[in-house]
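Protein chains get the first letters and strands the later ones, always in sequence-line order, with residue 1 at the start of each. Values reported hereafter were calculated over all heavy atoms of this structure, with side chains retained and with hydrogens, waters and symmetry mates removed.
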Amino acid sequence: MLKVRGLTKKYGDTAVVRGLDLDVRRGECFGLLGPNGAGKTTTLRLLLGLIEPDSGSIELAGIAVPKHAREARMKVGVVPQMDNLDPDFSVRENLLAYGRYFGMDRSAIAARVPELLEFAGLASKADAPIEQLSGGMKRRLTLARALVHDPDILFLDEPTTGLDPQARHLIWQGLRRLLNEGKTIVLTTHFMDEAERLADRLVILDHGRVVAEGAPRALIESHIEPAVVEVFGEDMADWTRARAAGLCQRFETVGETLFCYTGSPDTVIAALKQVPALRYLHRPSNLEDVFLKLTGRDLRD
Amino acid sequence: MTHFFRLPRLSWRFIPVWRRNYLVWRKLAIPSILGNLADPMLYMLGLGYGLGSLLPDIGGMPYLTFLAAGTVAYSTMNAATFEVLYSSFSRMHVQRTWDAILNTPLTLDDVMLGELTWAVAKSLLSGLAILGVIWGLGLYGSFWMTLWLIPMVALVGFCFGGMGLVMNAVSPSYDFFLYYFTLVITPMVLLCGVFFPVSQLPPLLQNISAWLPLSHAVDLARPLVIGSMPDRIALHATALLAYGSLGYVVALALTRRRLLK
C-alpha cells in the first residue's frame with residue numbers, strides 16, 4: 001500500500017528525514033513513533049506530496065509521489081494534528097464542502113453524509129456550528145471528513161493528542177472499525193499505549209532515521225528485559241548504589257525513581273521487601289520502555 | 001526561493017474553493033453587501049453632490065459623473081483587495097482552511113486561483129452596484145457602452161486580487177496589511193485620477209501615475225461612462241492583466257515557501 005525507499009529531506013544543512021525505508025501492507029495499522037522533532041510530520045507531508053524530498057522514492061497506493069501526488073491524494077484521507085475544520089460551516093456543511101474538493105457531486109456526498117455522521121456519533125449535531133463541538137467531537141468529525149471519499153488509506157497525525165480518556169477511547173473504537181472494514185492506517189503518535197493497542201507494526205524514528213521496526217510485542221521482546229521494577233522512596237539512592245548493579249540486568253535512575261529492568265523480578269522484589277522505607281511498582285515492560293531506551297530520556301523541545 | 005518558483009498549473013479544481021467562499025458569503029450576504037457597497041456609494045454621492053455643486057464641469061462632464069467613473073474603478077479595487085487581504089488571510093493563516101484543502105487532490109495553485117476568482121466575483125458585485133447607481137441616476141452617455149464596464153471591473157478585480165495575494169503571502173498578521181493600504185492603495189487612489197484629473201498633478205507624478213494599475217482602470221472606466229470608446233484599450237487591458245498575473249505567480253511562489261516547506 002505504501003512503499004518508501006531512501007527518503008531524505010533536508011532543511012539547509014539539517015537533514016530532518018534521512019534515508020527512510022517504509023513498507024505498509026494493505027489492511028494494517030502502521031505506527032510512526034518518535035519524540036518531537038524526529039521527523040514524523042515531515043514524513044507524512046512528504047508522503048502526501050506536499051513537500052518534495054531531496055532524494056528517495058515514494059509509492060502510495062501504487063502511485064508515484066510527488067510526481068502524481070494529486071492522483072495519490074484521491075486515495076488518502078488525512079486527519080491532521082491541528083483541527084482545521086471549516087468554522088464558517090456547520091457539521092454537515094463541512095462534509096459536503098470537503099467532498100467537493102475530491103470532485104464528488106452533491107448527491108454522491110449527500111448519500112454518504114448520514115453514514116459519516118453516524119460513524120462520528122454526530123447525527124444529532126448535523127446542523128450545529130463547529131464552535132459548539134467539544135474537542136472530541138471535532139476530532140471525530142475530522143476523522144469522518146477524511147472518510148468522505150471512501151479512501152483506501154488513512155493518515156492520522158497524532159489523532160488523540162489533547163483528548164480526554166473517554167474521547168480517546170471513542171477514536172480508537174472508530175479506528176478499529178475502519179481496520180475491520182479493511183482500511184489501511186498510518187498513524188503517528190507519541191502515546192505508547194495508543195501504538196501498542198492499535199498498530200500491527202510500527203517504526204520508531206529518531207533524528208529522521210528508523211531506530212527500530214516491528215510488531216509492538218516483538219519489539220518489546222527483542223529490545224528490552226521482560227519486567228520492570230520501579231523503585232522509589234528516601235533510601236532509593238543508597239539502595240541503588242549497593243544493590244542495583246547486582247540485581248538488575250540494566251537500570252536507570254530518573255529523578256527519584258530507579259527503573260530496574262530484569263528477567264527475574266521476584267529476586268528483586270524479595271530484596272526490596274527487606275528495606276521497608278522503599279516502595280516499588282512491578283510491571284511487565286512495555287513499548288514506552290523500549291521507546292525511552294532507544295530514544296533516550298532527554299527532553300526534545 | 002528559486003525552487004519555490006514555477007509557472008502555475010491551472011486546473012478546474014479551483015471551482016470547489018470558489019464555491020466554498022461563495023457558500024460562506026451567502027450566509028452573510030446582506031451585511032456583507034451593505035458593508036462592501038455602502039461605503040464607496042456614500043463617498044461618491046456625498047462628494048459628488050456636495051463638492052460637485054461647487055465645481056465646474058471636468059472634461060465636459062459634471063463632477064458627479066467624473067467621480068462615478070472613478071468610483072467604479074476604485075470600489076472594485078477595494079473589493080478585491082479587502083477580499084484577498086483580510087478574508088484570504090483568515091482562511092489561510094487563522095482558520096487553516098487552506099491546509100485542510102491541500103490534503104485533498106487540490107494544489108496550492110488551485111486554492112489560490114479559487115481565491116483570486118472569488119476576489120473577481122466580489123469586484124463584480126461591487127462594480128455592478130456602482131453601475132446600478134450610474135444607471136439609476138442617468139450618469140451615463142450610452143447605456144450599451146456602460147455594459148463594457150462589466151468585463152472591465154472583472155479585469156480590475158483580477159489585477160488587484162493578484163497583487164493583494166502577494167501581501168497575503170508575506171504577512172505575519174492582519175496589522176501588516178495597513179502598510180499596503182498606506183503605502184500602495186491610498187497613494188494610488190490620489191494619483192490615478194479617481195477624485196481629480198491626473199493633469200492637475202506635477203509632471204513627475206503624472207509619469208508615475210501612468211504606470212500604476214489603477215490609472216489603467218480609470219482610463220478605461222471614464223470614457224465608457226460618458227459613452228465614448230477609450231483610447232488604447234489593449235494597452236490598459238494588458239497592463240491590468242499583467243499586474244494581476246504577475247501578482248498571482250509571485251504570490252504562489254511566496255505562499256508555497258510559506259506553507260509547503
Is a side-chain N or O of [X] found less than 3.5 angstrom from the main chain of [Y], in a donor-acceptor match?
{"X": "Ser245(B)", "Y": "Ala242(B)", "value": "no"}
{"X": "Thr97(B)", "Y": "Asp86(A)", "value": "no"}
{"X": "Asn94(A)", "Y": "Leu85(A)", "value": "no"}

Atom group of [X] that falls short of 4.5 Å from chain B, counting heavy atoms:
{"X": "Glu52(A)", "value": "side chain"}
{"X": "Tyr11(A)", "value": "side chain"}
{"X": "Leu48(A)", "value": "side chain"}

Problem set entry | Phe177(B) and Tyr86(B) aromatic ring geometry - parallel, tilted or perpendicular at 30°/60° bounds |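 Geometry flag for Phe177(B) against Tyr86(B): perpendicular rings.
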Problem set entry | Whether Phe176(B) and Tyr179(B) hold their rings parallel, tilted or perpendicular, with breakpoints at 30° and 60° | perpendicular
Counting heavy-atom pairs closer than 4.5 Å to chain B, which one of [options] comes out on top?
{"options": "Glu71(A), Arg100(A), Lys9(A)", "value": "Arg100(A)"}
{"options": "Leu96(A), Asp83(A), Leu50(A), Thr142(A)", "value": "Leu50(A)"}
{"options": "Arg70(A), Met74(A), Met82(A)", "value": "Arg70(A)"}
{"options": "Val78(A), Val76(A), Asp88(A)", "value": "Asp88(A)"}

Pick one of side chain, backbone, both or neither for [X], based on which atoms fall under 4.5 Å of a heavy atom in chain A.
{"X": "Arg20(B)", "value": "both"}
{"X": "Ile15(B)", "value": "neither"}
{"X": "Arg19(B)", "value": "side chain"}

Taking every non-hydrogen pair under 4.5 Å, which of [options] racks up the most with chain A?
{"options": "Asp99(B), Leu102(B), Leu108(B)", "answer": "Leu102(B)"}
{"options": "Asp110(B), Leu23(B), Val17(B)", "answer": "Asp110(B)"}
{"options": "Arg96(B), Arg256(B), Arg91(B)", "answer": "Arg96(B)"}

Exercise. Is the cationic atom of Arg73(A) (NZ for Lys, CZ for Arg) positioned less than 6.0 Å from the six-membered ring centroid of Phe155(A) and within 45 degrees of its normal?
Worked result: no
Problem set entry | Centroid-centroid under 6.0 Å between Phe160(B) and Tyr74(B) rings | no
Exercise. Ring centroid separation for Trp18(B) and Phe14(B), is it under 6.0 angstrom?
Worked result: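 They do not qualify: ring centres at least 6.0 Å apart.
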For this session: Evaluate the criterion side-chain contact (heavy atoms from CB on, under 4.5 Å) for residue pair Leu154(A) and Val186(A); output intermediate values, then yes/no.
Result: CA-CA 6 Å; Leu154(A) 275 166; Val186(A) 175; over 6 Å; no
